[in-house]
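Reading through the C-alpha cells given below for one structure.
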Amino acid sequence: MAASESTPTREEEEGEQLEEDRFVSSHHPSAPPDELFDISTTVDPSYVISLIRKLLPVEPKNVDNTEIRGSNCNNEVVNSSNDSCKSMGIVDDPTKSHFRGEGDEDSHKEENARLSAGEEVWEECGCVLWDLAANQTHAELMVQNFVLEVLLANLMVTQSVRVTEICLGIMGNLACHEVPLKHIVSSNGLIAVIVDQLFLDDTQCLCEAFRLLSSGLQGGECIKWAEALQFEHILSRILWVMENTLNPQLIEKSVGLLLSMIESQKEVEHILLSPLMKLGLASVLVNLLTFEMSKLTNDRIPERYPVLDVILRALEALCVIDVCSQEICSNKEIFQLVCDLIKFPDKVEVSTSCVTAGLLIANILSDVPDLASSISQDLPFLQGLFDIFPFTSDDSEARCALWNVIARFLVRVREDEMSASNLRQYVFILLSKSDVIEDDLFDHQFDEKKENESLATSGRKSDARILALRRITSILNKWNALKDFCEKDMMEDYATNEKIGRLLDICHGHNISGTSE
C-alpha cells in the first residue's frame, strides 16, 4: 500500500511533464551525449538547439496582431526583451495615429489571456534566441543548426505579427555577423520572403524588416539584396512607409535603409537610387525634414533627434551622388531648412545634426554658389556657424566645411559700403567668437602636423580658411579706420582695441603660416 502511495498518479505525471516543458530562462537542459560541442561559450550549445526545436511551427492559429513585448529597435543589435519601443500603426491620414501597446491595456490583457501555453513557450524561446543571436558564436551555431529554415517556415505560415517580429528580429541580429549573413543570402527564397514583410502594416515588424535589409545592403553580397528590392512596387512601398508613418523609430529605420543603399557598393546605387529619385525620393525627404524641423522648433522631443539626424545624413550623402545632386542641391526649401537649423539656439541637444547641416550647406553651395547671396546678411546664421565649431573638434572635414561656408558668406560682405552701425554688428560677432576661431586654428595646425595630407587636398582645405581669415582681417581693419569717427560709447560697448588687436594677430599669424608667401 505504501508503495502504491508513492507511485505518481497520471495527473501528477502530466503536471510534472508540463512543468518540464515550460520554458524558464535560467534553466539549461543537459545535453545528450551526441550533441556535445567543443565551442567556447557560456551557453550550452544543446540548450540553443533545444530552443530552436521549440520554434518549429505548428498548425497556424488565428491570433490577430498579438503583441506581448516590444523590441528595442534603436540598436544595431537588438535586445528582444527591451520594452522601449511602442508600436504605432501606419495610417493613411497623417493627422491620426493608432497606437499599439499604449492605451489599449485592457484589450491586450484579454488577448494575452487567450494565448495558449505553446504560444507562450514559442515567444519566450524566440526572445532568448533573439538575444543570443547578438553573439557571433551563438549566431554561427544557430545557423549551423537550421534556425533559418525554422524561421522561414514560421514566416510562411504564421498569422501573428508578434511571431513575425521575433523571426525578423532574430535574423536581424544574425545579419550583423558575416557568416550568418552569408547563410541568409544562400537560403533559397529567404530574401524574397523578408522583402515581402515590407507590406505588413505593423510598426514593429517593419522596424525589424528595415533593420535586417539595411544589414544585408551593407554586406559583401549586397547586390542580391538590391536586386530583391529593385521592383517599383517595393520601392514605392518603402517611400510610402517613410512618408506616412508617425512613429519616429520607423522613420529612422526606413531612412536608415536609404542610407544603407547610399553607403553600399556603386552598383547598388545604380540599381536603387535612380528609380527612387524618379519615384519622388527628394520630395519625401523634404517633407520629412520639414516635419522634423517643426517638431524641433515647437516640441523638442528628444526621441525625435535621431530621426532628424538620419534624414540630414541621407540628404548630405545624396547631394554628392551624380544622379541625385542636382535635384537635392537646387532645392531651395532644403537649403532654407538647414540654414534654420544652423540658427537653432540650443545646439547641444542636436549638435550632431547641426554638424551634418554644415556639411550639407557646404556641398550645396559648392554646386549652387548663388544661394550664398540669400544668407550674406544673415548675422544669426554667421554666428550659428561659429557656434558649431566646438562640436567638430575631432572632425577636420566638418571644420573645413564650416570655414568654406563662412568664406562664402564673408566675401559677400561689403564693409566699405556699410554704415558704422551695420559694420559693428559684424565686428561684434567676430570678436565674440575670437576664442572659437583661435581654438580651431590651433587644432588645424595640430592636424597638419599629425596628418600627412596630399598637397591638393591640403591646399583646397586651407584656401577657404585663409580666405575667411583675410576677410575677417579686412572687416576689422575697416572698423579700426572708422573708430575715430564713431561715438565713444559705441566703441566701448562693442570692441576694445585690445580685443581687435588680438583677433588680428590670430588671423595674421595663421594667414602667414598657412601660405607659401
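Since this is a predicted model, take the numbers as computed values, not measurements.
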Taking the side chain as everything from C-beta on, heavy atoms only, tell me whether [X] gets closer than 4.5 Å to [Y].
X    : Y    : result
E120 : E123 : no
W122 : R162 : no
L151 : L190 : no
N154 : I166 : no
R304 : I251 : yes
V307 : F291 : no
N145 : V48  : no
Q197 : C205 : no

Can you confirm whether [X] is buried at [atom1], in the sense that more than 12 heavy atoms of other residues, nucleotides or ligands lie under 6.0 Å from that atom?
X    : atom1 : answer
K182 : NZ    : no
Y305 : OH    : yes
D299 : CG    : yes

Is the side chain of [X] donor-acceptor paired with the backbone N or O of [Y] at a distance under 3.5 Å, no angle test?
X    : Y    : result
T158 : L155 : no
Q230 : E227 : yes
H177 : A134 : yes

If you look only at distance, which donor and acceptor atoms sit under 3.5 Å apart when one is on a side chain in residues 330-339 and the other is two or more places apart or in another chain?
{"unit_1": "S330", "atom_1": "OG", "unit_2": "Q326", "atom_2": "O", "d": "2.5"}
{"unit_1": "N331", "atom_1": "OD1", "unit_2": "E333", "atom_2": "N", "d": "3.0"}
{"unit_1": "N331", "atom_1": "OD1", "unit_2": "I334", "atom_2": "N", "d": "3.0"}
{"unit_1": "E333", "atom_1": "OE2", "unit_2": "T290", "atom_2": "OG1", "d": "3.4"}
{"unit_1": "Q336", "atom_1": "NE2", "unit_2": "D340", "atom_2": "OD1", "d": "3.0"}

Distance check, rounded to the nearest 0.5 Å: [X] atom [atom1] versus [Y] atom [atom2]?
X    : Y    : atom1 : atom2 : answer
W240 : L198 : CH2   : CG    : 12.5 Å
I364 : C329 : CD1   : SG    : 5.5 Å
L296 : S353 : CG    : OG    : 8.0 Å
E252 : R211 : CD    : CZ    : 12.0 Å
L341 : T297 : CG    : OG1   : 9.0 Å
C127 : I170 : SG    : CD1   : 8.0 Å

Contacts of [X] that satisfy side chain to side chain donor-acceptor pair (under 3.5 Å) - sequence neighbours left out:
X    : value
R313 : none
K278 : none
N287 : E243

### Message
Quiz question: by atom type and distance under 3.5 Å, do the side chains of D44 and S46 form a donor-acceptor pair?
### Response
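Their side chains do contain a donor-acceptor pair, which is all the 3.5 Å distance test asks for.
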
### Task
Determine whether the side chains of Q144 and E140 contain a donor N or O and an acceptor N or O closer than 3.5 Å.
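Result is no, nothing qualifies.
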
### Task
Using ring-ring contact (aromatic ring centres under 6.0 Å, His included) as the criterion, list what pairs up with F231, not counting sequence neighbours.
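Scan of F231 (ring-ring contact (aromatic ring centres under 6.0 Å, His included), adjacent residues dropped) gives none.
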
Between [X] and [Y], what is the shortest heavy-atom contact and its length?
X    : Y    : answer
I328 : C319 : CG2-CB, 3.9 Å
R399 : F389 : O-CE2, 3.9 Å
A226 : I271 : O-CG2, 3.8 Å
M142 : L129 : CE-O, 3.7 Å
G358 : A401 : O-CB, 4.3 Å
I388 : C354 : CD1-O, 3.7 Å

#### Entry: From CA spacing to verdict: side-chain contact (heavy atoms from CB on, under 4.5 Å), F391, V348
CA-CA 8 Å; F391 307 115; V348 174; 4.0 Å; yes

### Derivation of the side-chain contact (heavy atoms from CB on, under 4.5 Å) call for N247 and L206
CA-CA 11 Å; N247 184 283; L206 287 171; over 6 Å; no

### Task
In sequence, state the C-alpha distance, the side-chain angles, and the governing distance for E292 and K295, and then conclude on salt bridge (Lys or Arg N to Asp or Glu O under 4.0 Å).
CA-CA 5 Å; E292 294 304 324; K295 285 291 183 182; over 6 Å; no

### Message
With side-chain contact (heavy atoms from CB on, under 4.5 Å) as the criterion, how do V161 and Q204 come out once you've worked through the C-alpha distance, each side chain's angles and the decisive distance to 0.1 Å?
### Response
CA-CA 8 Å; V161 294; Q204 297 304 109; over 6 Å; no

### Task
Kindly indicate, with the supporting measurements, whether the criterion side-chain contact (heavy atoms from CB on, under 4.5 Å) is fulfilled by S351 and V355.
CA-CA 6 Å; S351 58; V355 172; 5.6 Å; no

List the atom pairs, donor and acceptor, that lie under 3.5 Å between side-chain atoms in residues 260-270 and the rest of the protein, sequence neighbours left out.
{"unit_1": "S260", "atom_1": "OG", "unit_2": "Q218", "atom_2": "NE2", "d": "3.0"}
{"unit_1": "S260", "atom_1": "OG", "unit_2": "G256", "atom_2": "O", "d": "3.1"}
{"unit_1": "S264", "atom_1": "OG", "unit_2": "L217", "atom_2": "O", "d": "2.7"}

